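Take a look at the structure below.
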Amino acid sequence: LKGPNNEKSYFANKFFPICARLMWDVQEVPGWGEAQNTEEEEEEGEEMQNSDMGETALDRVTQALGLRSTFAVISSQLSGLLGSAVWQHQRAGLRIMGNYLEVSARITDKNQLIQHRGDVANTLSNFTKNSHIQIRAAAYYAICQLFVMQGRDLSAAVTEQLLGVLLSGIT
């Protein structure tokens, strides 16, 4: 979708940062990790949160536009979010990664993904060691998405690395 001056990726460049800002709107909840339900699903009768709206919108538009149209924009967003000192930004970046892994599973040319799998696995593994529970939960979510969407195509080394991370997280 081109912009007013035939700018490539105009829509994505405007829309994705708005979704990311919505995803930052997550509050610190004491005892969040101790709650029976750490899923961020809306309760019956409860209003949808900004973070949920941003994540849903980003996910749907990314799926509609596809990987080829969104990769550059998502990549630039992720580096800023994951490199931020603000936990809400890091959490948003990890949730975006998890959702984006679902979109990447639809790529027919699997060679495009091979070069990024090791970096993705290392990034996610590092965030599972974060002191903030919601960041760790988002990292584990993304690791699970990686396994679900690309598990058969992961190298033995990446599989072993991520299984080790998952096992250490539940013990």
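It should be emphasised that the depicted structure is a prediction, and the values quoted were computed from it without experimental measurement. Side-chain atoms are counted along with the backbone in the values below, which use heavy atoms only and exclude waters and symmetry mates.
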Say whether Ser125 and Gln161, considering side chains only, have a donor N or O and an acceptor N or O under 3.5 Å apart.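 The answer is yes; a qualifying pair exists.
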Donor-acceptor side-chain pairing of Asn99 and Gln145 below 3.5 angstrom: no
Which atom names give the shortest non-hydrogen contact between [X] and [Y], and what distance separates them?
{"X": "Gln77", "Y": "Ala20", "result": "OE1-CB, 3.7 Å"}
{"X": "Leu94", "Y": "Ala138", "result": "CB-CB, 3.6 Å"}
{"X": "Ala12", "Y": "Pro17", "result": "O-CD, 3.8 Å"}
{"X": "Met23", "Y": "Arg91", "result": "O-NH1, 3.8 Å"}
{"X": "Leu81", "Y": "Ala92", "result": "CD1-C, 4.4 Å"}
{"X": "Gly54", "Y": "Cys19", "result": "O-CB, 3.6 Å"}

Side chains of [X] and [Y]: closer than 4.5 Å at any heavy-atom pair?
{"X": "Trp87", "Y": "Val26", "answer": "yes"}
{"X": "Val61", "Y": "Phe16", "answer": "yes"}
{"X": "Gln90", "Y": "His132", "answer": "no"}
{"X": "Thr62", "Y": "Ile96", "answer": "no"}
{"X": "Tyr100", "Y": "Asp59", "answer": "no"}

Hydrophobic cluster membership, with links at side-chain heavy-atom distances under 4.5 Å among I/L/V/M/F/W/Y: are [X] and [Y] in one?
{"X": "Leu101", "Y": "Tyr141", "answer": "no"}
{"X": "Phe71", "Y": "Met97", "answer": "yes"}
{"X": "Ile18", "Y": "Met53", "answer": "no"}
{"X": "Trp24", "Y": "Phe15", "answer": "yes"}

Check whether any side-chain N or O of [X] sits under 3.5 Å from a backbone N or O of [Y] as a donor-acceptor pair, and report yes or no.
{"X": "Arg117", "Y": "Asp153", "answer": "yes"}
{"X": "Asn122", "Y": "Gly118", "answer": "yes"}
{"X": "Thr123", "Y": "Asp119", "answer": "yes"}

Within 45° cone and under 6.0 Å: Arg136 NZ/CZ vs Phe127 ring: no
Straight-line distance of [X] [atom1] to [Y] [atom2], nearest 0.5 Å:
{"X": "Ser79", "Y": "Ile74", "atom1": "OG", "atom2": "CD1", "value": "11.0 Å"}
{"X": "Arg21", "Y": "Ser51", "atom1": "CZ", "atom2": "OG", "value": "15.0 Å"}
{"X": "Asn50", "Y": "Leu22", "atom1": "CG", "atom2": "CG", "value": "5.5 Å"}
{"X": "Leu58", "Y": "Thr56", "atom1": "CG", "atom2": "OG1", "value": "9.5 Å"}
{"X": "Thr159", "Y": "Arg152", "atom1": "OG1", "atom2": "CZ", "value": "12.5 Å"}

Option from Ile135, Leu166, Ile170, Leu124 for which side-chain contact (heavy atoms from CB on, under 4.5 Å) with Tyr140 holds: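 Single side-chain contact (heavy atoms from CB on, under 4.5 Å) partner of Tyr140 among Ile135, Leu166, Ile170, Leu124: Leu166.
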